[in-house]
Number of protein chains: 2
Amino acid sequence: MIFKIDFKSGKPVYLQLVDQVRYAAASGVLQAGEPLPSIRPLAEELRVNRNTIAKAYTELENQGVLETRPGKGCFLKENNSPFTKPIRQKLLLAEIDEAVVMAHHLQVDREKFLALVQERLDYFEQQSGAKKIN
Amino acid sequence: MIFKIDFKSGKPVYLQLVDQVRYAAASGVLQAGEPLPSIRPLAEELRVNRNTIAKAYTELENQGVLETRPGKGCFLKENNSPFTKPIRQKLLLAEIDEAVVMAHHLQVDREKFLALVQERLDYFEQQSGAKKIN
DNA sequence: TTTAGTGTCATAGGACTGTATGACAGTGGC
DNA sequence: GCCACTGTCATACAGTCCTATGACACTAAA
């Protein structure tokens with residue numbers, strides 16, 4: 001299974017799962033339309049309550065990452081955000097600012113920082129089969 | 001006062017303060033060695049319990065952003081992180097990945113994303129008096 | 001219709017978080 | 001020493017969060 005829970009991390013289980021699904025979707029490990037593991041078997045495999053998985057999936061649905069078809073299961077959606085363009089832009093800028101502020105505190109200079117960003121972009125593109133992020 | 005609390009945001013007051021101090025330090029609004037507002041007056045001004053401010057300052061001290069001299073006050077430290085270099089690198093990469101994953105979900109392409117990053121770097125450098133992030 | 005699979009909802013309990021209060025300890029000027 | 005200022009700690013309490021349980025509803029195949 002592609003998902004791994006770290007019970008010692010202190011981070012809530014359902015959030016770990018949310019991040020991993022988003023990450024897998026962004027890197028192309030999971031493709032649009034693909035079904036996600038169904039709740040009960042995944043819960044059993046990860047040794048976690050089924051409602052914990054359900055909560056993660058609900059959160060992902062709210063974020064527009066997946067859609068659930070009643071009685072059938074959960075499926076990765078085509079990329080589109082439920083938010084309006086200005087809100088999306090604001091969210092992304094906040095995320096970027098966090099990274100920039102952290103770079104400052106960690107004493108990483110501009111060139112090194114940009115290099116790291118490009119490296120990660122490359123990594124994700126490579127993972128998703130030489131496809132550009134779009 | 002440079003700090004503003006949004007009580008409707010849902011974000012804990014002490015975390016709002018932590019972010020604002022980090023942001024102010026990164027952008028040069030606050031300079032190393034400068035004293036931060038002392039706890040009680042700031043608490044009064046922001047209409048917040050004094051221990052809420054104290055908690056924010058404690059957190060900032062743990063992050064290596066400020067240091068407190070008993071009986072005197074809290075002062076912005078020279079930039080240095082309490083973490084080792086590999087840990088710092090890992091933290092920063094996680095932060096960058098979050099932004100990259102979000103860009104993917106928000107359907108922002110590579111060039112646009114890099115442009116946004118540069119824009120924010122420029123912004124912070126400009127704020128801190130044309131000084132490079134280091 | 002029955003059965004086995006899917007996700008959903010209401011509810012509950014234990015742990016944790018955020019904030020508040022009061023008492024305490026260090027510093028420096030009077 | 002006293003006083004006014006600094007930050008700190010122990011404690012308390014309400015609210016929230018995370019996880020867990022049981023009952024429910026939808027879908028598809030036998």
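No hydrogens, no waters, no symmetry mates; every other heavy atom, side chains included, goes into these values. All of these numbers come straight from a predicted model, not from anything done at the bench. Residue numbers start from 1 in every chain, and the chains themselves are labelled A, B, ... in the order their sequence lines are given, proteins ahead of strands.
- The CG atom of B:L121 sits 9.0 Å away from the CD atom of A:E111 when rounded to the nearest 0.5 Å.
- When rounded to the nearest whole Å, the span between CD of B:Q16 and P of C:dT17 equals 18 Å.
- Within 4.0 Å (heavy atoms only), B:P41 reaches sugar-phosphate atoms of the nucleic acid but no base atom.
- In this structure, B:I39 places its CD1 atom 16 Å from C1' of D:dA4, rounding to the nearest Å.
- Residues B:E95 and A:E95 have side chains in contact (heavy-atom distance under 4.5 Å, counting atoms from C-beta outward).
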Provide a list of protein-nucleic acid N or O atom pairs under 3.5 angstrom, restricted to nucleotides 27-30 of chain D.
residue	atom	partner	partner atom	Å
D:dA28	OP1	A:K72	NZ	3.2

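- Distance CD (A:E44) to C1' (D:dT21): 16 Å, rounded to an integer number of Å.
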Could you write out each protein N or O paired with an N or O of nucleotides 18-20 of chain C at a distance under 3.5 Å?
residue	atom	partner	partner atom	Å
C:dG18	OP2	B:Y14	OH	2.8
C:dT19	OP1	B:V13	N	3.0
C:dA20	OP2	B:N49	N	2.8
C:dA20	OP2	B:T52	OG1	3.4
C:dA20	N6	B:N51	ND2	3.2

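- Residue A:S38 has a polar side-chain atom (N or O) positioned under 4.0 Å from OP1 or OP2 of C:dT6.
- In summary, A:R110 and B:D122 engage in a salt bridge, as defined by a charged side-chain N under 4.0 Å from a carboxylate O.
- Inter-residue side-chain proximity for A:F3 and A:V21 is flagged as met; some heavy-atom pair is nearer than 4.5 Å.
- Atom CD in A:E67 sits about 18 Å away from atom P in C:dT6, given to the nearest Å.
- A straight line from CD1 of B:I53 to P of C:dT21 spans 14 Å, rounded to a whole angstrom.
- The shortest distance between side-chain heavy atoms of B:P37 and B:Y57 falls below 4.5 Å.
- One atom, OH of B:Y57, and another, P of D:dC9, lie 17 Å apart when rounded to the nearest Å.
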- Task: Step by step, work out the side chain to side chain donor-acceptor pair (under 3.5 Å) result for B:Q16 and B:Q20.
- Result: CA-CA 6 Å; B:Q16 290 185 44; B:Q20 287 179 40; 4.6 Å; no
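- A:R22 and A:V65 make their closest contact through CG-CG2, 4.2 Å (heavy atoms, listed as atom of the first residue, atom of the second, distance).
- Counting non-hydrogen atoms of neighbouring residues, nucleotides and ligands closer than 6.0 angstrom, the CD atom of A:E34 exceeds 12 such neighbours.
- Under the 4.5 Å side-chain criterion, counting only non-hydrogen atoms from C-beta, A:D97 is not in contact with B:Y123.
- For the OP1/OP2 pair of C:dG7 and a distance below 4.0 Å, the side-chain nitrogens and oxygens of A:T58 include no atom meeting the criterion.
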